[in-house]
Every structure is written in C-alpha cells, then in structure tokens.
Number of protein chains: 2
Amino acid sequence: MTTGIETKPRSKTKRRTAPKEVRRLQLIEATVDCIAERGISGTTMAAVTGRAGLSMGIVSLHFESKDNLLNATLTHLSQEVRSTWAGLMKDDTLAPAERLWAVAMSSFDPRIFNPTKISVWFAYFGEVQYRVLYRKIVESFDDERTDVLEDLCESLNAGDPIDVASIAGGIESFSDGLWLNAILYPEKFTRDYCISQMATFLRATFPAHFQKPSLGVSA
Amino acid sequence: MTTGIETKPRSKTKRRTAPKEVRRLQLIEATVDCIAERGISGTTMAAVTGRAGLSMGIVSLHFESKDNLLNATLTHLSQEVRSTWAGLMKDDTLAPAERLWAVAMSSFDPRIFNPTKISVWFAYFGEVQYRVLYRKIVESFDDERTDVLEDLCESLNAGDPIDVASIAGGIESFSDGLWLNAILYPEKFTRDYCISQMATFLRATFPAHFQKPSLGVSA
DNA sequence: TAGACTAATGAATGACTATTCATTCGTTAT
DNA sequence: ATAACGAATGAATAGTCATTCATTAGTCTA
C-alpha cells in the first residue's frame, strides 16, 4: 500500500541553496502538476514539496502560505497565456486580419493547450465563485486580451455598425468552450479539431476577411 | 466569532421520518447550495447536513458516503439539464429549425442558467480530470444531447456536405463557453447577452434557416 | 397499548493536513 | 580556515473532517 504521493527521489548530490526565483518557479510548476493530477483540494503541501524534491517547510519560506502559492500559480498561468498572444502582437509585419487570426488561434498553442494546463485552469474556474482573488487575477489578464481583440475587430469593420465588444466576447467564449470540451472529450476535441472549429467561427464572423482554402488569412 | 456554517434552525415540530426520496433530494439540494457557496472541498458533511437541517450521520444512511452524495448530485444536475431540452422535443408541432433553435437556447433556461447551478457545474468540471466517474456521468447525458443536435443539423442540411458532428460540437462548445463567462463576468454575460450571442452563432451557421428580425425562427 | 421496526441522531474515533520553529548545513566574507 | 548568515529541513502541533455506531425516538402492527 503506497501513499499515492510521488516523491521525486531527493538528489544525492546535496546542493541546497538556490536563488529565490528558481525555488518559486520550481514550486509553482510542482503545484501545476499536482493540481492536474489530484485537483486543488488534493494538492497538499506534502504533495507539492515532495514532487519538487524539497521539504515541507519550504512553501512558507517562499510563499508564506498555501493560499499564496495557489494565487501565485494562477498568476503564473495567466502570464503564460498572456505572453503567448502578446508575443504575436510584436510582429508588426502582420495586417490586422492576420493578427486577429493569430491571437484567436494562440489559445491552442501547445504550451498552454494541453491536458495538464487546461485541467488546472478549470480547477481554478471551479472555485472562482467564492474565491474573489481568483476572479480578480483572471480578469486582470482577460481584460487586456479583450481590449486587443476589440481593437482588432474594430479595424476590420471600420464604419460598420457591428458591436465589436460582442464579437470579441464571442471569440473568447468559443475559445473557452473548446477548452472545456478538450478536457471532457479529448478524443474528439483535439488541437486540430479546435483550430478548425475556431477557423470556421472566424470565417463565419468575418467572411470578407477570411477565406476558405489554406487555413491562412487573406485580406 | 461564527463558524461560518449556516445551520437551518432545526424545526421545533419534531417530525422525524420521511420517505427515502424526500431525504435524498433534500440532501442533494443542500449539497448544490453548499458547493455554490464553498466549493466541493469546502462542502463538508457538517455543512451539508446542517443546511438540510439534519444530523451528520444522515448522509451515510442515505448515500453511504460523501463520494456517493457528490456523484448523485452531479447526476441530478445532469438530469435537470436533460429534462430542460428533452421537454422541448416533445412538442411535435415544431419544425426542425425551430427545434434546433429551442434546444440550443434551452442552455439559458433560468432553471439551469443561474449563478448557483453554473458554479456547481464548474466545480465538477474542475475535478473531471482525475475523477473518472464525473466524466462518465457528464458524458452519458451529453452524448444524448449531441445525438439530438446532430440529427437536427442533419435535417436542416439534407444533401449538403456539411459536417453535422462539427456543427453540433460548435454549438455545444459555444454554449459551454458562454456558461463559463457567465460566472467569470456576470455583469456582461447576462442571460439576454448569452441568448443574443447564441442567436448570432446560429444565424451565421444556418443563414438559410434563421433570419434576423424578431429573434425567432423562420423556415 | 405493547412490541417491533426502522429512521435519525451526534459524540467519539481515526485519519489527514497546514503551519511552525528549533536545528542543520551550504555559502560567503574575512 | 573560520565565523556569520540565511536557506532548508522535518518533527511536532493544533486543527479539520469523514465515518462509525450505540442510543433515541417516530411509526406501524397486532
């Protein structure tokens, strides 16, 4: 009978001290793995520190408390998503239509679109109703993305009486729904399937900007 | 200093026994309220039974264990969603287009589309990755709805080479995404807003069947 | 009404967990 | 090389919670 807690065998070469940021990241990554594997409530201090190959007391040393570690982990995930789409915005050779396409598709970048990461996201969403801080963290990053999407939609529909906020909201909702189905039905909602769903959505929404053939962009 | 556990004052009229089904439903409803308020991990036996106005031991009497109560609660939620759309299918005066519209819109029926119910759904989704049974329960009800949606899409596109499974998947994903945003951003994603989003989606997907003016249906 | 049956109770139990802090040990400066 | 510092440890603590079961009390039958 095992405990179910996987403890990475403490390395025999007994290096001990490490820079603060290294330890923080190490613990955050162990937390992500733990939540994916056992959920937030199953993510005990012993499980996280064991997986990180460190001792129990280390969390309070670097994060003060479990709650802080959980908040830091959500912030880390949010930053990871942010950098995925924000990286694409730096490329100023892209036309607005291409940018919109790229940002919408960035939700399915393998770095963030994989069973581990997505299930951690939904573990947090499941507590968002009564954990005000979780909502605040998610919101602060989402707002930024929403603004970018709205600006891009605006530039594709200059003069049209189309509600850009509504279109941006639709893109985000659809993307979120595909994420959820990717963990519920991973066989059907593969990365390729989700990308093709989003492509269909974008083409239906902006028929003048996106054409069928190569799943690329055409202005 | 309070415990934070709301105990419905035990009624003074000391009726005690009640039919099995009454107690089961009473406990399931208390569980739904508890999860919405404190999440699954905060849903202790003391919290559930206190809210139901019963004693701690009652859960093992009617459900054997906490896990069984949680499974029964998810099954209950699934049945509630099922009966919401299945009820609409009984009306055989409806044309296929009207049925598709009605089934898609049933996701936003106030009986199931409200902050309490939606947040409980996402509390379960958050654990679906490592609780195989949760996935099984949700899947068994979703499959049925998917079949109905696919059949309806099929009858609207007779002869067209359109992938009905993909369209049905799109409707379900979009619906799920709107649900998620309804708990993340309740101010923006109101019932009316979500309905209008879904209407836009359906019109874009079936331009020949759904027209703009009254947000109704036209064959 | 008495006796039998079963629903319901809730204190006790045992298992589990976040947090603390005295101690250990690697690193750096002298 | 050694002292001083601070990172890291993990056993101990204090608290929480699901489950059990001996007891209580409605309800039904004869």
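In what follows, chains are A, B, ... by sequence order, proteins preceding strands, each numbered from 1.
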S.K.: To the nearest Å, how far apart are A/Lys66 NZ and C/dC16 P?
M.R.: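 Rounded to the whole Å, the gap is 15 Å.
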S.K.: Rounded off to whole Å, could you give me the CG-to-P distance for the A/Asn68 and C/dT19 pair?
M.R.: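 The answer, rounded to whole Å, is 9 Å.
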S.K.: Which whole-number value in Å describes the distance from B/Met45 CE to D/dT20 C1'?
M.R.: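 Roughly 12 Å, once rounded to whole Å.
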S.K.: To the nearest Å, how far apart are B/His62 NE2 and C/dT6 C1'?
M.R.: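 About 11 Å, once rounded to whole Å.
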S.K.: Under a 3.5 Å threshold, yes or no: a donor from one side chain and an acceptor from the other, between B/Ser173 and A/Gln197?
M.R.: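 There is no such pair between these side chains.
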S.K.: Taking the nucleotide of DNA chain C with the nearest heavy atom to each, does B/Lys20 or B/Ser60 sit closer to the 5' end?
M.R.: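 Whichever sits nearer the 5' end wins; that is B/Lys20.
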S.K.: Distance check needed: D/dA18 P versus B/Met56 CE, whole Å only.
M.R.: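 Roughly 7 Å, once rounded to whole Å.
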S.K.: Separation of B/Arg24 atom CZ from C/dA7 atom C1', in whole Å?
M.R.: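 Taking atom C1' of C/dA7 as the reference, CZ of B/Arg24 is at 15 Å.
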S.K.: For D/dA8, does either OP1 or OP2 sit under 4.0 Å from a side-chain N or O belonging to A/Arg23?
M.R.: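 Yes, such a contact exists.
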S.K.: When you check the gap from the basic side-chain N to the acidic O, do A/Asp67 and A/Arg131 get nearer than 4.0 Å?
M.R.: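 Looking at A/Arg131 together with A/Asp67, the answer is yes, because their closest N to O distance falls below 4.0 Å.
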S.K.: I want to verify a distance call: between D/dT9, C/dG10, D/dA18, whose nearest atom is closest to the A/Ile58 side chain?
M.R.: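 For the A/Ile58 side chain, the nearest candidate turns out to be D/dT9.
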S.K.: Send over the distance from A/Glu64 CD to C/dA18 C1', rounded to a whole Å.
M.R.: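 Those two atoms, CD and C1', are 12 Å apart.
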S.K.: Could you tell me the separation between the CG atom of B/Leu61 and the P atom of C/dA7, rounded to a whole number of Å?
M.R.: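 Atom CG in B/Leu61 sits about 6 Å away from atom P in C/dA7.
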S.K.: Give the intermediate values and the outcome of ring-ring contact (aromatic ring centres under 6.0 Å, His included) for residues A/Phe174 and B/Phe201.
M.R.: CA-CA 10 Å; A/Phe174 196 46; B/Phe201 186 93; 5.8 Å; yes
S.K.: What verdict does the salt bridge (Lys or Arg N to Asp or Glu O under 4.0 Å) test give for A/Glu139 and A/Lys136, after you've listed the backbone C-alpha separation in whole Å, the side-chain angles of each residue and the deciding distance to 0.1 Å?
M.R.: CA-CA 5 Å; A/Glu139 192 172 19; A/Lys136 288 263 172 61; over 6 Å; no
S.K.: Ignoring backbone atoms, establish whether B/Thr17 has a side-chain N or O less than 4.0 Å from OP1 or OP2 of D/dT27.
M.R.: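 Indeed, a polar side-chain atom of B/Thr17 lies that close.
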S.K.: Could you check whether B/Thr43 gets within reach of a base, just the sugar-phosphate, or nothing at all, counting any heavy atom under 4.0 Å?
M.R.: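 Result for B/Thr43 = sugar-phosphate.
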